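Whatever order the structure lists them in is the order used to number ligands and atoms, beginning at 1. Hydrogens, waters and symmetry mates are skipped; everything else that's a heavy atom, side chains included, is used. Values in this document were obtained by computation on a predicted structure and should not be read as measured data. Starting from 1, each residue takes its place in the sequence as its number.
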Amino acid sequence: MAVYTDVTEEELSQYLRGYAVGDLMSYKGIAEGSENSNYLLHTTAGTYILTLYEKRVDGAELPFFLGLMQHLARKGISCPLPVERRDGSLIGTLAGRPAAIITFLEGVWMRRPTAAHCREVGKALAGMHLAGADFEMRRENRLSVPGWRHLWEMTRPRADEYEAGLAAEIDGEFAAFAEAWPDDLPSGVIHADLFPDNVFFLGDRLSGLIDFYFACNDLFAYDVATCLNAWCFEKDNSFNLTKGRALLSGYQSVRPLEPAEREALPLLARGSALRFMLTRLYDWLTIPDGALVQKRDPSEFIRRLRFHRHIASATEYGLTAL
Ligand SMILES: Nc1ncnc2c1ncn2[C@@H]1O[C@H](COP(=O)(O)OP(=O)(O)OP(=O)(O)O)[C@@H](O)[C@H]1O
Ligand SMILES: N[C@@H](CCO)C(=O)O
């Protein structure tokens, strides 16, 4: 459930006067998502998404996220276009929260993605990497190695409550990353959270990417690694080589990976698995049962981490020579 802040019709109608989006016809809260409050709006001008940013999003970072969506949409990437207010700004205040309106994208996310969907995601990810090249703002990835360490300091004392031996195992991961994590691979703006629930399809055709609230500047190949983790494992946590091959060949049909990126992929995939394991574990240990925030299962990513530890070459993910 993701409507943390209630908005009255009167407040909303008043707020919409700041935009050229016509008059309010109806609105309703959207249950999906976990970070912010989202509403579907119907106005006399069309359909929109209204987002009220909750406390897990730093208001100072909104110009980066909304500016990026505007930049990408203008470059032809299928993603929501933030609607400008009458004064030209993208961010307002509603019910005491920073708020924005973005265009509505048609489509549904795939609960059971196929290899064809994976190929489309690979292509779209590479397209986004290229389109972000001339975006002028920067945002550091706060969920890279130092951010993981910080999360780990907070979760380590209770990690063995989740699974016996986990604290020692993850200590070992950090020891491995300290030496080996690359910082000299091609980089730019990455999505950093391109999971199936953030990609819409109409049939097999990708209709849009959403949720840019983890976007940042980091290694392109790290974003590819995150997509392998998010799209190419089955419910039983086995890796699907056909999906991996499809995702990687889709990506490379738009932006070929350099030799050093290919070589780093197993380590990057292991790091990405650790990142999602840590945020999930943190939520698991800190969010009380029955709270509105949805808790996701950390164990899926502990298993992915173990899988990647034994990968010697990216060919095992289905990467082929061009
Ligand atoms: N532009 C859009 N067009 C259509 N639907 C959208 C759009 N943006 C968001 N939604 C809907 O709102 C839901 C939540 O959006 P989003 O994923 O951005 O929220 P969130 O709170 O940041 O969640 P999380 O980060 O946990 O995924 C989506 O699953 C989708 O149903
Ligand atoms: N995609 C993340 C949630 C944050 O958007 C996860 O699956 O853990």
Side-chain angles (χ1 to χ4, degrees), residues 1-5 21 27-42 46-58 61-62 65-66 68-70 72-73 77-83 90 97-111 113 121 141-143 147-148 151 155 190-202 206-216 223 225-233 237 272-284 287 291-305:
M1 168 72 189
V3 177
Y4 306 101
T5 304
V21 292
Y27 72 107
K28 64 171 190 208
I30 298 176
E32 282 191 66
S34 56
E35 299 286 329
N36 300 307
S37 297
N38 291 294
Y39 288 89
L40 181 67
L41 301 187
H42 292 291
T47 306
Y48 303 91
I49 299 287
L50 165 74
T51 302
L52 276 68
Y53 297 97
E54 303 293 339
K55 56 182 184 305
R56 275 158 66 119
V57 173
D58 178 352
E61 297 192 319
L62 291 177
F65 301 133
L66 292 161
L68 176 62
M69 280 187 246
Q70 189 176 48
L72 295 175
I77 301 295
S78 306
C79 69
L81 176 68
V83 180
L90 298 177
R97 299 263 184 269
I101 294 178
I102 60 175
T103 53
F104 179 81
L105 297 181
E106 300 287 349
V108 289
W109 70 266
M110 291 295 138
R111 272 72 182 169
V121 169
N141 187 359
R142 295 224 234 96
L143 284 174
W148 305 344
L151 276 172
T155 45
I190 67 166
H191 184 285
D193 192 30
L194 201 60
F195 277 59
D197 58 350
N198 288 331
V199 182
F200 291 168
F201 286 89
L202 288 166
L206 191 152
S207 60
L209 311 178
I210 65 163
D211 200 355
F212 287 79
Y213 301 109
F214 286 101
C216 56
D223 227 10
T226 292
C227 283
L228 286 173
N229 278 324
W231 290 84
C232 303
F233 285 82
N237 292 305
S272 162
L274 179 64
R275 173 259 184 262
F276 289 99
M277 191 283 282
L278 286 169
T279 46
R280 288 178 172 206
L281 183 65
Y282 179 79
D283 285 352
W284 194 273
I287 294 173
L292 284 177
V293 178
Q294 186 191 341
K295 295 205 249 183
R296 296 175 163 96
D297 183 6
S299 75
E300 291 174 8
F301 283 86
I302 297 173
R303 288 167 192 228
R304 284 165 178 55
L305 180 57

Could you check whether any side-chain N or O of [X] sits under 3.5 Å from a backbone N or O of [Y], counting only pairs where one atom can act as donor and the other as acceptor?
X: Ser207; Y: Phe200; value: yes
X: Arg304; Y: Asn229; value: yes
X: Trp148; Y: Leu143; value: yes
X: Asn36; Y: Glu54; value: yes

Legend entry - Atom OH of Tyr282: over 12 foreign heavy atoms under 6.0 Å: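 No, because the 6.0 Å sphere around OH of Tyr282 holds 12 heavy atoms or fewer from other groups.
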Legend entry - For Asp223, all residues meeting side-chain hydrogen bond (donor to acceptor under 3.5 Å, both in side chains), sequence neighbours excluded: His129
Protein N/O near ligand 1 N/O, under 3.5 Å, which pairs?
residue: ligand 1; atom: 1 (N); partner: Thr103; partner atom: O; Å: 2.9
residue: ligand 1; atom: 3 (N); partner: Leu105; partner atom: N; Å: 2.8
residue: ligand 1; atom: 17 (O); partner: Asp211; partner atom: OD2; Å: 3.1
residue: ligand 1; atom: 19 (O); partner: Asn38; partner atom: ND2; Å: 3.3
residue: ligand 1; atom: 21 (O); partner: Ser34; partner atom: N; Å: 3.3
residue: ligand 1; atom: 21 (O); partner: Glu35; partner atom: N; Å: 3.0
residue: ligand 1; atom: 21 (O); partner: Asn36; partner atom: N; Å: 3.0
residue: ligand 1; atom: 22 (O); partner: Asp211; partner atom: OD1; Å: 3.4
residue: ligand 1; atom: 23 (O); partner: Ser34; partner atom: N; Å: 3.1
residue: ligand 1; atom: 25 (O); partner: Asp211; partner atom: OD2; Å: 2.7
residue: ligand 1; atom: 26 (O); partner: Ser34; partner atom: N; Å: 2.9
residue: ligand 1; atom: 26 (O); partner: Ser34; partner atom: OG; Å: 2.5
residue: ligand 1; atom: 27 (O); partner: Asp211; partner atom: OD2; Å: 2.9

Inset, instruction - Run through ligand 2 for me and note each protein residue having a heavy atom under 4.0 Å from it, chain first, then residue number. - result: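 Ligand 2 pocket, heavy atoms under 4.0 Å: Asp193, Phe195, Phe214, Phe276, Arg280, Arg296.
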Inset, instruction - Please list, chain by chain and in numerical order, all residues satisfying salt bridge (Lys or Arg N to Asp or Glu O under 4.0 Å) with Glu61, sequence neighbours excluded. - result: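 In terms of salt bridge (Lys or Arg N to Asp or Glu O under 4.0 Å), with neighbours along the sequence ignored, Glu61 is linked to Arg139, Arg142.
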Legend entry - Distance under 6.0 Å and angle within 45° of ring axis: Arg280 vs Phe301: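 No - Arg280 does not lie over the ring of Phe301 by the 6.0 Å and 45° rule.
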Legend entry - Arg275 charged N/C atom sitting above Phe214 aromatic ring, 6.0 Å / 45°: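 Here Arg275 passes the 6.0 Å and 45° test against Phe214.
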